[in-house]
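A short worksheet on the structure shown next.
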2 protein chains.
Amino acid sequence: MSRSNPRVLSTLERAGGFASAQEIYRLMQREGESIGLTTVYRSLQSLVNDKIVDVLRRDDGEAIYRLCGDAHHHHLVCKGCGDTVEIEGGAIEKWAKVMAEEHGFREVGHTAEIFGLCSKC
Amino acid sequence: MSRSNPRVLSTLERAGGFASAQEIYRLMQREGESIGLTTVYRSLQSLVNDKIVDVLRRDDGEAIYRLCGDAHHHHLVCKGCGDTVEIEGGAIEKWAKVMAEEHGFREVGHTAEIFGLCSKC
DNA sequence: ATGGGAATGAAAATCATTTTCATTTGTGCT
DNA sequence: AGCACAAATGAAAATGATTTTCATTCCCAT
Ligand SMILES: [Zn+2]
Ligand SMILES: [Zn+2]
Ligand SMILES: [Zn+2]
Ligand SMILES: [Zn+2]
């Protein structure tokens, strides 16, 4: 595993905390930074592993990376403009735990996301 | 625009109402049906336009097509052996609806999945 | 200085999806 | 049947994101 190149994280921040690998790469190029696309991908993967960013999908399937606090939470994402609201998942946490117990699963985690159109779209 | 080849829809149904274009194509091949991958993609697109199926994304970005009106459910997946249990998501349905309303979102959908180790693993 | 592991990036490989385009098929008309 | 024309089909090429390969460069501890 490789460690994340700090310039990638800094660029993601500058991009508004929301961008695809390709966009980050092009942004860095435009600003005269010398970096390879491979390194951008590797750095983003590493940041995802470290739970510093998380990854969503655009409608066209492209992965977008988003800065993310480490407290466990879920997202409400607008399909139109990409706006994201971090939401609390109390009900889900309980649901996941109950369902897992009911079927004898242990060491359980979960993913949950809501997507739709925000009031502006 | 082309109309959907009915064998594609029939195969999607037979697949459990949930499959990617590639999977449907391979399935039809295995069953000796003669069809081109292009036609599978075109048919699925047409079905999406007609709102007969809807489309989600796997974690890896591959598009999966799902029969609308299919009994909506969620999955409990074993990280060890891959065993999957279909579970009811009553609590989540409510949670998603409440959260969306609270933030003024419309046309909302959601994904939710639980993963862990099953009793055999 | 030197050896070894980590980081880098160019180029090739992969893989889903889309586009092109020539061919086949279907349908209505004579 | 014979013809015209539109729709459907699918093979092959193009596209575009992401991953893999691999040779080179960096960094650091001895
Ligand atoms: Zn919006
Ligand atoms: Zn949660
Ligand atoms: Zn298991
Ligand atoms: Zn649900």
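Residue numbering restarts at 1 for every chain, and letters A, B, ... go by the order of the sequence lines.
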Open item on the list: Heavy atoms only, 4.0 Å cut-off, all strands: where does Ser4(A) land among base, sugar-phosphate and nothing?
Closed with: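 Counting heavy atoms under 4.0 Å across all strands, no contact is made by Ser4(A).
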
TODO: Determine the contact category for Ser46(A): base if any of its heavy atoms lies under 4.0 Å from a base atom, sugar-phosphate if only primed atoms, P, OP1 or OP2 are that close, otherwise nothing.
DONE: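 If one applies the 4.0 Å heavy-atom cut-off, Ser46(A) turns out to touch nothing in the nucleic acid.
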
TODO: Please list all pairs passing the ring pair (Phe, Tyr, Trp, His ring centres under 6.0 Å) test where one or both residues lie in residues 84-118 of chain B, with sequence neighbours left out.
DONE: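 For residues 84-118 of chain B, and leaving out neighbouring residues, the ring pair (Phe, Tyr, Trp, His ring centres under 6.0 Å) pairs sorted by first residue read His74(A)-Trp95(B), His72(B)-His110(B), His74(B)-His110(B).
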
TODO: Using the test salt bridge (Lys or Arg N to Asp or Glu O under 4.0 Å), find all partners of Asp54(B) that sit at least two apart in sequence or belong to another chain.
DONE: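 Testing Asp54(B) for salt bridge (Lys or Arg N to Asp or Glu O under 4.0 Å), a comparison that skips the adjacent residues, returns Arg66(B).
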
Task: dA7(C) OP1/OP2 closer than 4.0 Å to side-chain N/O of Asn5(A) - done: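 So the side-chain polar atoms of Asn5(A) never come under 4.0 Å of the phosphate oxygens OP1 or OP2 of dA7(C).
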
[X] [atom1] to [N] [atom2]: how many Å, rounded?
{"X": "Met28(B)", "N": "dT9(D)", "atom1": "CE", "atom2": "P", "result": "10 Å"}
{"X": "Arg7(B)", "N": "dA8(D)", "atom1": "CZ", "atom2": "C1'", "result": "12 Å"}
{"X": "Leu44(B)", "N": "dT9(D)", "atom1": "CG", "atom2": "P", "result": "13 Å"}
{"X": "Arg3(B)", "N": "dG26(C)", "atom1": "CZ", "atom2": "C1'", "result": "11 Å"}
{"X": "Ile24(B)", "N": "dT17(C)", "atom1": "CD1", "atom2": "P", "result": "11 Å"}

Task: Summary of protein contacts for nucleotides 16-21 of chain D, nucleotide by nucleotide, where a base hit scores B, a sugar-phosphate-only hit scores S (4.0 Å, heavy atoms) - done: -SBBB-

Open item on the list: Using 0.5 Å steps for rounding, measure from the CD1 atom of Ile35(B) to the OG1 atom of Thr11(B).
Closed with: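 If I round to the nearest 0.5 Å, the distance is 7.0 Å.
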
- [ ] For Gln45(B) and Tyr65(B), test the side chains for any donor-to-acceptor distance below 3.5 angstrom and give the result as yes or no.
- [x]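 There is no such pair (donor and acceptor under 3.5 Å, judged by atom type) between the side chains of Gln45(B) and Tyr65(B).
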
TODO: Please check if atom CD in Gln29(A) has more than 12 non-hydrogen atoms from other residues, nucleotides or ligands closer than 6.0 Å.
DONE: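 Correct, the count exceeds 12.
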
Open item on the list: Looking at Glu33(A), I'd like to know if its CD atom is crowded, meaning that more than 12 non-hydrogen atoms belonging to other residues, nucleotides or ligands lie closer than 6.0 Å.
Closed with: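 Counting neighbours around CD of Glu33(A), more than 12 heavy atoms of other residues, nucleotides or ligands fall under 6.0 Å, so yes.
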
